[in-house]
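Below is one structure, written out as C-alpha cells; the observations come after it.
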Amino acid sequence: MRKVTIFGSTGSIGENTVDLIARAPESYDVVALTGGRNVARLAEQAISLNAELAVTAFDNCYDDLKTALSGTGIEVAAGEAAVAEAADRKADWFMSAIVGAAGLVPGLRALRHGTILALANKESLVTAGPYLMAEARKYGATILPVDSEHSAVFQALVGEDMKAVERIIITASGGAFRDWPLKALETATLAEASAHPNWDMGQRITIDSASMFNKAMELIETKEFFGIDADKIEAVVHPESLIHALVGFNDGALMAHLGPPDMRHAIGYALHWPDRGHVPVARLDLAQIGSLNFRLADEVRYPALRIARDVMQTGGLSGAAFNASKEAALDAFIAGKIGFQDMARLVDKVLNRLQQRNGLSCDILTLDKVLATDHLARETTQDMMQDATVR
Ligand code: NAD
Ligand code: MG
C-alpha cells in the first residue's frame, strides 16, 4: 500500500488524481486530502477514499466540513496552517494541485519526507524554482512534473544526457482566442476567456491559456525544472494539443511526446513512476487525426511570452513578482475591473517598477524573500491598477 496525500483534491487536477486512485483502492492508503470551499465534495472524496484527514483551506468552512464528516472517524482541520501541517504527515507520494502561490509552502513541507512530490502547481517553480529544487536535493526527494508539457519533456529525456540537449520546445494550444483578430482581444469577456478549445481545466489556468500567461509560466517552469538556459527553450502554437513537448538533441533528432489532452496521462505517469502502469485515457488514432499543425508563438500577439523571457533573464525574485502580479491582474480581470489585454500591460509595468525601485535580482533565494516579494508585487499591482496609464 502506498501512502498518498493530495493538496487541492477538489480541483481539476485533484479530481483527476482522485479518479485514478479510486480505480485501485487496494493499492493506496490515503493520508490527507485538502480542498477549499467545496466542502461537500471534499467530504465525499474523504469518505470514498477512506482518508485519515480532510482539510479545508478556509477557517470559516470548518463547521460545515466537521458536520459533513461527523461519525466517520475522519479527522478534520481548517486554515492555511492546517493545510501545511497536512504535509507533515508522512506519505510516499504527494500531489501538489492547489492553484496559485498558496501551493508553494505545502509542497516545500512535503519535500522534507524525502519521498515523491508530483508537481502540478506551476507557481511553485515560477516563484521559487531554485529554492524548491535545492530543498528537494537537500532532503533526497523526487519532484515529478505533472504539467503536461513538462511531463512530456521528462519522458523524452529518460536515458538521455542533458549535455546533448540543444533545445526544448513546448507546445501551446493558443487558448480560446487563437483565431481572434488582435484588436478584438481588447474587449474579450470573462466568459469568452473561460472556454478552452481543447482542455477541461480550472478557470484560472483556462484564462491564463487564452492570454498565454500559462505558456509564459511554463517557459519559466522548464528553465527551473530542467536547469536549461532560457535561450534553448521555445514555445510553438499547436492547435490540436496532441504533441505536448519536443526535445531537440545535438544530432538533430527531435523527440516528441504525443497523447490525448487528458491530464490523467501526466498524473498517471507520476503515480506509477518509475514504472509505466495502465492509465485509462483515450488512445490516439493517427489516421483519423490526419494532420498536425504548428504556428509561430508570436510575442507581439502574446506579450506574456516576452515578459517570461525578461523574467528568465533577470532570475532571482522576478519569478515571484511576475506570478503574484499576474495572479492579482487575473483577479482584477475576473472581477471585471480591467480588460483582458490590460493584464499583460499591468504585469509588465509592475515588473518594471519593482525592478527599478527594489531590484529583483538576488543570488540566494529564501522562502522569506519570495513571500515578501509576492506580497509587494500584489500591493504594487493594486496600486498601479488605479493608475489610468494601464490602458
Ligand atoms: P482548480 O481551481 O480546479 O483547483 C484548485 C484546488 O486548490 C482546489 O482544490 C481548491 O479548493 C484549492 N485551493 C484554491 N485556493 C486555495 C488556497 N488559497 N489554499 C489552499 N487550497 C486552495 O485548479 P486546477 O486547474 O486543478 O490547477 C491546479 C494547479 O495545477 C495550478 O497550479 C495549475 O496551474 C496546475 N495545472 C493544472 C492543469 C489542469 O489541467 N487543470 C494542467 C497543468 C497544471
Ligand atoms: Mg501545461
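None of these values were measured; they are calculated from a predicted model. We number each residue from 1, following the sequence as shown.
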Within this structure, what is the [atom1]-[atom2] distance for the pair [X] and [Y], rounded to the nearest 0.5 Å?
{"X": "Asp147", "Y": "Thr222", "atom1": "CG", "atom2": "OG1", "answer": "8.5 Å"}
{"X": "Leu119", "Y": "Met95", "atom1": "CG", "atom2": "CE", "answer": "8.5 Å"}
{"X": "Leu219", "Y": "Glu149", "atom1": "CG", "atom2": "CD", "answer": "10.0 Å"}
{"X": "Thr373", "Y": "Asn358", "atom1": "OG1", "atom2": "CG", "answer": "8.0 Å"}
{"X": "Tyr131", "Y": "Thr366", "atom1": "OH", "atom2": "OG1", "answer": "7.5 Å"}
{"X": "Ser194", "Y": "Ile334", "atom1": "OG", "atom2": "CD1", "answer": "7.0 Å"}

Applying side-chain hydrogen bond (donor to acceptor under 3.5 Å, both in side chains) to Ser325 and Thr381, what does each step give before you reach the verdict? CA-CA 6 Å; Ser325 177; Thr381 310; 3.1 Å; yes

Counting C-beta onward and ignoring hydrogens, is there a side-chain heavy-atom pair between [X] and [Y] closer than 4.5 Å?
{"X": "Asp310", "Y": "Gln355", "value": "no"}
{"X": "Glu15", "Y": "Gln45", "value": "yes"}
{"X": "Thr171", "Y": "Ser241", "value": "no"}
{"X": "Leu286", "Y": "Ile289", "value": "yes"}
{"X": "Asp262", "Y": "Ser148", "value": "no"}
{"X": "Phe7", "Y": "Asn121", "value": "no"}
{"X": "Trp180", "Y": "Arg301", "value": "yes"}
{"X": "Pro260", "Y": "Leu284", "value": "yes"}

Determine the minimum heavy-atom distance between [X] and [Y], stating which atoms define it.
{"X": "Ile307", "Y": "Leu351", "answer": "CG2-CD1, 3.6 Å"}
{"X": "Ala91", "Y": "Thr115", "answer": "O-OG1, 2.9 Å"}
{"X": "Ala256", "Y": "Leu246", "answer": "CB-CD2, 3.6 Å"}
{"X": "Leu292", "Y": "Leu258", "answer": "CD1-CD2, 4.4 Å"}
{"X": "Asp64", "Y": "Val39", "answer": "C-CG1, 3.7 Å"}
{"X": "Leu242", "Y": "Pro261", "answer": "CD2-CD, 3.9 Å"}

Mind telling me whether [Y] and [X] have parallel, tilted or perpendicular rings, with 30° and 60° as the class edges?
{"X": "Phe322", "Y": "Phe213", "result": "tilted"}
{"X": "Phe226", "Y": "Phe154", "result": "tilted"}
{"X": "His244", "Y": "His257", "result": "tilted"}

Shared ILVMFWY cluster between [X] and [Y], side chains joined below 4.5 angstrom?
{"X": "Val153", "Y": "Met162", "value": "yes"}
{"X": "Trp199", "Y": "Ile205", "value": "yes"}
{"X": "Val99", "Y": "Leu371", "value": "no"}
{"X": "Ile74", "Y": "Ile6", "value": "yes"}
{"X": "Ile338", "Y": "Leu182", "value": "yes"}

Look at the side chain of [X] and the backbone N and O of [Y], then say whether any donor-acceptor pair between them is shorter than 3.5 Å.
{"X": "Arg37", "Y": "Phe58", "result": "no"}
{"X": "Arg178", "Y": "Ser173", "result": "yes"}
{"X": "Asn198", "Y": "Pro239", "result": "yes"}
{"X": "Asn16", "Y": "Ser12", "result": "yes"}
{"X": "Gln382", "Y": "Arg378", "result": "no"}
{"X": "Glu327", "Y": "Gly100", "result": "no"}
{"X": "Arg309", "Y": "Ala230", "result": "yes"}
{"X": "Asp298", "Y": "Val300", "result": "yes"}
{"X": "Glu186", "Y": "Gly339", "result": "no"}
{"X": "Thr314", "Y": "Val311", "result": "no"}

Is it the case that more than 12 heavy atoms not belonging to [X] sit under 6.0 Å from its [atom1] atom?
{"X": "Met133", "atom1": "CE", "value": "yes"}
{"X": "Asp200", "atom1": "CG", "value": "no"}
{"X": "His272", "atom1": "NE2", "value": "yes"}
{"X": "Glu160", "atom1": "CD", "value": "yes"}
{"X": "Arg283", "atom1": "CZ", "value": "yes"}
{"X": "Gln313", "atom1": "CD", "value": "no"}
{"X": "Asp285", "atom1": "CG", "value": "yes"}
{"X": "Glu26", "atom1": "CD", "value": "yes"}

Is it true that [X] and [Y] have a side-chain N and a carboxylate O under 4.0 angstrom from each other?
{"X": "Arg89", "Y": "Glu75", "answer": "yes"}
{"X": "Asp92", "Y": "Lys3", "answer": "no"}
{"X": "Arg204", "Y": "Asp331", "answer": "yes"}

With no hydrogens and no angle check, just 3.5 Å: does a side-chain donor-acceptor pair link Asn352 and Gln356?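 The criterion, which ignores hydrogens and geometry beyond distance, is not satisfied for Gln356 and Asn352.
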
Phe294 and Ile169: side-chain contact (heavy atoms from CB on, under 4.5 Å), yes or no, with the steps? CA-CA 12 Å; Phe294 303 94; Ile169 305 171; over 6 Å; no

Begin from the C-alpha positions of Asp348 and Arg345 and carry the test salt bridge (Lys or Arg N to Asp or Glu O under 4.0 Å) through to its verdict. CA-CA 5 Å; Asp348 206 17; Arg345 283 191 279 265; over 6 Å; no

Report the C-alpha distance between Thr56 and Val76 in whole Å, list the side-chain angles of each, state the deciding distance to 0.1 Å, and finish with yes or no for side-chain contact (heavy atoms from CB on, under 4.5 Å). CA-CA 8 Å; Thr56 159; Val76 172; 5.9 Å; no

Lys122 and Asn323: side-chain hydrogen bond (donor to acceptor under 3.5 Å, both in side chains), yes or no, with the steps? CA-CA 10 Å; Lys122 57 188 73 189; Asn323 178 69; over 6 Å; no

